[in-house]
Amino acid sequence: MENYYQPEIECASREQIQAWQDERLVKQVKHVYEHVPYYRKKMEEKGVVPEDIRSTADLHKLPFLTKDDLRQAYPYGLLATPLEDVVRIQSTSGTTGRRVVAFYTQHDIDLWDECCARAIMAAGGTKKDVVHVCYGYGLFTGGPGLNGGSHKVGSMTLPMSSGNTERQIQFMCDLGSTILCCTPSYAAYLAESINERGLRDKIKLKAGIFGAEAWTEEMRRDIEKSLGIKAYDIYGLTEISGPGVSFECSEQRGMHINEDHFIAEIIDPVTGEVLPEGEKGELVFTSITKEAFPLLRYRTRDICVLSREKCSCGRTHVRMSKPMGRSDDMMIIKGVNVFPSQIETVLLNKGYPANYQIIVNRVNNSDTLEVQVEMTPEMFSDSVTKIAAQERELVDALKAMLGIYARVRLVEPKTIARSEGKAVRVIDKRNLY
Ligand code: DLL
């Protein structure tokens with residue numbers, strides 16, 4: 001099949017979507033109960049058996065899964081198929097300690113590719129396109145996901161991966177890339193570099209598929225203007241497969257969730273209660289078609305709103321808003337997931353007091369991370385050279401922990417403002433949400 005715009009699925013009636021979800025959920029719950037002792041135990045603790053789940057109306061009876069469950073069950077505790085059926089793993093970026101690892105059978109890769117193919121087609125992609133993928137390849141899902149989607153569409157795929165801006169631009173010009181896939185901040189940086197080199201007329205881009213981090217409507221307009229393209233948002237998370245869980249259509253008003261594969265709920269992040277459509281809360285996904293790593297009621301921590309309002313593109317799948325924040329303290333910096341606790345761990349391991357502040361900013365569309373750490377009075381009396389060496393050492397340790405560069409400033413004792421309540425550890429000046 002060459003055409004991955006699938007109107008019979010993407011524009012199906014609500015009744016049809018409901019019927020698919022009901023049937024697949026019942027099957028999936030049984031599959032997980034039988035093959036994942038970790039989740040079976042959670043169901044037993046809640047007094048639920050597979051027979052209690054007869055349709056999506058019963059979904060609320062199932063226990064939630066969180067990142068903590070994934071860490072506890074690391075590495076194989078949530079695997080629902082024999083290892084010999086698994087063909088791939090991917091992992092989330094920058095998590096401390098036990099990483100989050102997701103498994104895929106060939107069937108799971110195919111359905112993930114299909115979701116990404118739909119996203120590319122919704123951005124106007126066809127087999128005539130040249131799809132330039134500069135999301136990272138490797139454990140991160142961005143590169144492999146869009147790569148697979150582009151193959152399914154039949155487009156020529158450039159597996160560029162991230163970095164090496166010179167080469168990105170050269171290939172873009174020489175090979176006539178028409179669809180750019182990367183994080184929005186890298187798109188903005190590429191746009192700036194292309195315009196600085198006076199190469200805007202040499203590029204043939206028509207669309208961009210940008211996601212993996214929060215970005216504003218202003219940023220969208222800037223990128224669209226500076227590259228002369230239409231910029232589409234794409235959302236996803238490793239635990240649920242990767243990019244393509246949802247994607248924007250030409251309306252650019254929310255991202256259609258691939259409801260034949262994922263059931264979305266919005267819950268109150270404090271009480272866990274399911275909220276009615278249109279209310280803002282935490283997004284929860286249940287994957288109903290995956291084999292190897294089928295998470296039920298996985299709490300994403302992303303705060304969103306769902307809408308079933310008719311979309312003029314014809315797609316009937318529910319739309320989610322851009323994430324409006326997180327219900328935990330995870331930050332996404334340069335596309336990498338960063339928890340303040342990771343930074344604190346590095347500081348404490350190196351013998352610094354826990355008086356620190358994390359300052360995140362966006363300068364020229366690129367994220368910056370600065371960690372200010374108070375010295376003890378003894379450290380403060382050290383020579384300037386010694387202090388500079390300590391700063392360099394911390395930069396290296398943070399790079400090893402987070403995978404990204406953080407500027408480090410050791411500051412005088414008692415210069416970081418004390419708070420009367422919870423310490424203000426993070427100052428995010430990006431105003432992304
Ligand atoms: O970021 C998957 C992805 C790759 C999505 C490429 C889109 C494009 P993770 O590294 O597991 O997976 O991070 C998942 O990133 O829970 C959101 O908080 C955030 N996120 C992903 N897409 C968007 C988006 C990939 N379009 C976490 N807007 C998610 C805002 C996003 N935040």
Side-chain angles (χ1 to χ4, degrees), residues 65-67 70-71 89-95 99-102 112-113 115-116 118-120 122-123 131 133-150 161-162 179-187 208-217 219-220 223 231-248 252 254-258 262 264 269 282-285 293 295 298-305 319-339 362 367 402-404 428 430-433:
L65 278 171
T66 64
K67 234 188 196 47
L70 269 59
R71 291 199 181 116
I89 71 148
Q90 303 285 163
S91 177
T92 51
S93 55
T95 39
R99 289 182 169 272
V100 169
V101 179
W112 178 25
D113 288 351
C115 290
C116 288
R118 288 182 193 170
I120 294 171
V131 177
V133 185
C134 37
Y135 286 114
Y137 280 65
L139 287 172
F140 180 56
T141 54
L146 270 306
N147 194 92
S150 173
S161 199
S162 47
I179 298 182
L180 175 64
C181 306
C182 60
T183 58
S185 25
Y186 192 56
I209 303 178
F210 307 134
E213 62 182 8
W215 53 309
T216 58
E217 285 303 322
M219 196 164 168
R220 188 205 306 264
I223 299 174
Y232 296 82
D233 204 348
I234 182 166
Y235 168 91
L237 59 164
T238 315
E239 298 91 318
I240 300 300
S241 67
V245 170
S246 67
F247 59 87
E248 264 183 352
Q252 297 177 315
M255 295 176 269
H256 291 282
I257 296 172
N258 282 305
F262 313 109
E282 185 183 326
L283 185 60
V284 172
F285 281 115
F293 203 62
L295 301 188
Y298 182 68
R299 292 185 59 165
T300 64
R301 303 288 173 188
D302 290 316
I303 304 292
C304 302
V305 176
R319 274 176 292 166
M320 59 177 269
S321 64
K322 271 178 181 296
M324 299 159 164
R326 303 252 329 155
S327 67
D328 62 4
D329 55 359
M330 188 180 93
M331 305 171 279
I332 300 185
I333 304 174
K334 295 184 177 170
V336 174
N337 303 349
V338 174
F339 288 91
R362 191 160 273 182
D367 292 337
L402 310 173
I404 54 170
D428 195 333
R430 295 176 295 179
N431 293 326
L432 290 175
Y433 297 118

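All residue numbers refer to positions in the sequence shown, counting from 1. Order of appearance sets the numbers: ligands from 1, and atoms from 1 within every ligand.
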To the nearest 0.5 Å, atom SG of Cys115 lies from atom CD1 of Ile257 at 11.5 Å

Going by the 4.0 angstrom heavy-atom rule, the piece of Ala212 near ligand 1 is both

Would you call Arg301 a ligand 1 contact, heavy-atom distance under 4.0 Å? no

Can you list the atoms of ligand 1 that are under 4.0 Å from a heavy atom of Ala214? 30 (C), 32 (N)

Test your reading of the structure: does Met255 have an N or O sitting under 3.5 Å from an N or O of ligand 1? no

List every atom of ligand 1 that sits less than 4.0 Å from any heavy atom of Thr238, numbering the atoms from 1 in the order shown and giving each element. 9 (P), 10 (O), 11 (O), 12 (O)

Where on Ile332 is there a heavy atom closer than 4.0 Å to ligand 1, on the side chain, on the backbone, on both, or on neither? side chain

Below a 4.0 angstrom heavy-atom separation, can you tell me which part of Leu237, side chain or backbone, both or neither, approaches ligand 1? both

List ligand 1 atoms under 4.0 Å from Ile234, heavy atoms only on the residue side. 7 (C), 8 (C), 22 (N), 24 (C), 26 (N)

Hey, what do you get for NZ (Lys322) to CD (Glu217), rounding to the nearest 0.5 Å? 5.5 Å

Return the option from Val133, Val336, Asn337 holding the heavy atom at the smallest distance from atom 13 (O) of ligand 1. Asn337

Heavy atoms, side chains only, cut-off 4.5 Å: are Met324 and Val305 in contact? yes

Can you name the one residue among Pro184, Ser185, Cys181 that meets side-chain contact (heavy atoms from CB on, under 4.5 Å) with Phe210? Pro184

CZ-CD1 distance between Phe293 and Ile240, expressed to the nearest 0.5 angstrom: 8.5 Å

Does even one non-hydrogen atom of Glu213 get within less than 4.0 Å of ligand 1? yes

Would you call the rings of Phe262 and Phe285 parallel, tilted or perpendicular if under 30° counts as parallel and over 60° as perpendicular? perpendicular

Distance under 4.0 Å to a non-hydrogen atom of Thr92: what atoms of ligand 1 satisfy this? 11 (O)

Identify, by atom number and element, the atoms of ligand 1 in contact range of Asp302, meaning under 4.0 Å from any of its heavy atoms. 16 (O), 17 (C), 18 (O), 29 (C)

